[in-house]
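Notes follow the structure.
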2 protein chains.
Amino acid sequence: MKYLSRPEEIVLLAIWKLGKSAYGVTIRKHVQEATNKYWSIGAIYVPLERLERKGFVHSYSSEPTAERGGRSKRYFEITEDGLEALEELKKVNQAIWSGYPGIVSDK
Amino acid sequence: MKYLSRPEEIVLLAIWKLGKSAYGVTIRKHVQEATNKYWSIGAIYVPLERLERKGFVHSYSSEPTAERGGRSKRYFEITEDGLEALEELKKVNQAIWSGYPGIVSDK
DNA sequence: TATTAGTTCTACACCATAGAACTAATAATT
DNA sequence: AATTATTAGTTCTATGGTGTAGAACTAATA
């Protein structure tokens with residue numbers, strides 16, 4: 001299994017953390033805060049599209065909300081395969097970083 | 001500063017860990033063991049080339065050794081910029097993974 | 001001349017990233 | 001009430017860069 005690219009990893013983790021409230025705008029906000037960097041709109045939506053095509057996330061449209069501009073949102077949720085990919089990635093990360101200063105390997 | 005791609009991260013960490021003995025073949029071996037996956041020759045050397053172009057590593061040729069096929073090796077060493085990039089990456093990794101089960105954030 | 005350790009080369013599909021354009025809702029204006 | 005402005009949100013698309021494979025090449029000893 002190929003691993004996820006870094007943007008895919010970052011976006012997928014954001015979805016995992018956001019749970020039920022994961023849609024384009026909240027994901028982007030979360031990612032920008034976590035990485036402390038500007039992310040363009042495309043830098044979020046393109047990986048989202050690819051994650052969905054690969055089966056790591058699934059999306060559905062909500063009802064519009066009754067606020068100005070409150071159009072229907074496209075919510076994302078992580079799939080079983082997505083969870084597995086995260087576990088796999090976690091293992092690889094721990095393996096490659098183990099021994100580096102400031103990294104606690106929890107065994 | 002853009003982050004390193006994943007192959008670049010993996011290869012750079014391998015160089016860091018290998019220290020004085022980092023050259024193409026040992027790097028490849030180390031990376032394959034750490035990730036438990038097959039890596040083609042190009043999958044190692046191309047990122048190496050790019051890391052050098054970006055100033056994260058530096059390379060030099062050794063004297064040939066006196067063994068069959070023992071031609072001169074191209075050793076790699078991590079630069080100051082490379083070390084900084086690793087520190088930056090470590091921070092990003094900790095930020096995006098914090099809160100995920102099985103991750104110890106050492107604060 | 002054969003064999004071996006090691007590196008260079010290169011091709012191509014896929015990915016990263018930016019941001020303009022589009023959509024569909026409510027609010028303001030006449 | 002009809003029209004226009006504003007807003008939240010998503011879709012689209014272009015382009016340069018990256019990921020990955022492995023064949024070809026090189027330079028040493030057997």
Side-chain angles (χ1 to χ4, degrees), chain A residues 1-12 14-15 18 21-32 35 37-54 56-57 59-76 85 89 92, chain B residues 1-12 14-15 18 21-32 35 37-57 59-76 85 89 92 96:
Chain A
M1 187 220 279
K2 284 194 40 185
Y3 354 83
L4 302 178
S5 69
R6 193 173 319 279
E8 284 169 347
E9 170 191 29
I10 292 173
V11 165
L12 188 56
I15 294 170
L18 287 165
S21 54
Y23 70 99
V25 171
T26 52
I27 293 169
R28 181 168 179 226
K29 182 157 176 291
H30 183 95
V31 165
Q32 294 198 131
T35 62
K37 283 191 185 58
Y38 171 82
W39 287 57
S40 71
I41 293 168
I44 297 293
Y45 280 96
V46 171
L48 275 174
E49 215 58 66
R50 288 175 186 155
L51 283 169
E52 182 157 44
R53 177 164 45 79
K54 295 176 187 169
F56 297 132
V57 302
S59 74
Y60 61 92
S61 267
S62 74
E63 289 301 302
T65 57
E67 58 186 316
R68 184 179 238 207
R71 56 178 295 197
S72 72
K73 302 174 176 63
R74 183 175 167 202
Y75 281 99
F76 290 85
L89 212 47
V92 171
Chain B
M1 189 221 281
K2 283 194 43 189
Y3 352 86
L4 302 180
S5 69
R6 193 173 317 279
E8 284 169 345
E9 169 190 30
I10 292 173
V11 165
L12 189 56
I15 294 171
L18 287 166
S21 55
Y23 70 99
V25 172
T26 52
I27 293 169
R28 183 170 177 223
K29 182 159 177 288
H30 182 95
V31 165
Q32 294 198 132
T35 62
K37 283 191 186 59
Y38 171 82
W39 284 57
S40 72
I41 293 169
I44 297 293
Y45 279 96
V46 172
L48 275 174
E49 214 60 64
R50 287 174 187 158
L51 282 169
E52 183 158 43
R53 177 163 45 77
K54 294 176 188 171
F56 297 132
V57 302
S59 73
Y60 61 92
S61 265
S62 74
E63 288 302 300
T65 58
E67 60 186 315
R68 185 178 233 205
R71 58 178 294 195
S72 73
K73 302 174 174 65
R74 183 175 168 202
Y75 282 99
F76 290 85
L89 254 178
V92 172
I96 66 180

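Throughout, a chain's letter reflects where its sequence line sits, starting with A, and its residues are numbered from 1. Quick note: numbers below take in every heavy atom, side chains included, and nothing from hydrogens, waters or symmetry partners.
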Grab the [atom1]-[atom2] distance between [X] and [N] for me, whole Å please.
X     : N      : atom1 : atom2 : result
A:Y23 : D:dT11 : OH    : P     : 14 Å
B:I44 : D:dA21 : CD1   : C1'   : 12 Å
B:E52 : C:dT7  : CD    : C1'   : 13 Å
B:E49 : D:dG19 : CD    : P     : 14 Å
A:K29 : D:dG9  : NZ    : P     : 12 Å
B:R28 : D:dG22 : CZ    : C1'   : 10 Å
B:I27 : C:dT8  : CD1   : P     : 12 Å
B:F56 : D:dT18 : CZ    : C1'   : 15 Å

I want to verify a distance call: between [options], whose nearest atom is closest to the [X] side chain?
X     : options                : value
B:S40 : D:dT13, C:dT8, D:dG22  : D:dG22
B:R71 : C:dC15, C:dA5, D:dT11  : C:dA5
A:K73 : D:dG9, D:dT20, C:dG19  : D:dG9
A:R53 : D:dT18, C:dC15, D:dG22 : C:dC15
B:I41 : D:dG9, C:dC15, D:dA23  : D:dA23
B:Y45 : C:dG6, C:dC15, D:dG19  : C:dG6
B:R74 : D:dT18, C:dG19, C:dT8  : C:dT8
B:S5  : C:dT17, C:dG19, D:dG19 : D:dG19
B:V25 : C:dT17, D:dT10, C:dG6  : C:dG6

Inset, instruction - Could you check which nucleotide pairs with C:dT7 in any of the strands shown, counting Watson-Crick or G-U wobble with both distances under 3.5 Å? - result: D:dA24
Inset, instruction - Could you please name the partner base of D:dA30, counting Watson-Crick and G-U wobble pairs only when both distances are under 3.5 Å? - result: C:dT1
Inset, instruction - Map A:Y75 and A:R50 onto DNA chain D by nearest heavy atom, then report which one ends up closer to the 5' terminus. - result: A:Y75
Inset, instruction - May I ask you to decide whether A:E49 forms a salt bridge with A:R74, counting only side-chain N to carboxylate O separations under 4.0 Å? - result: yes
Min side-chain heavy-atom separation [X]-[Y] under 4.5 Å:
X     : Y     : result
B:L51 : B:L4  : yes
A:I15 : A:F56 : no
A:I10 : A:W39 : yes

Inset, instruction - Could you tell me how the ring of A:Y60 sits relative to the ring of A:Y75: parallel (under 30°), tilted (30 to 60°) or perpendicular (over 60°)? - result: parallel
Inset, instruction - Would you name the heavy atoms of B:L48 and B:V57 that are closest together and state the gap between them? - result: O-CG2, 4.2 Å
Inset, instruction - Using heavy atoms to find the nearest nucleotide of DNA chain C for B:V46 and B:G24 separately, return the residue whose nucleotide is more 5′. - result: B:G24
Legend entry - Any B:K54 side-chain nitrogen or oxygen under 4.0 Å from OP1 or OP2 of D:dT18: yes
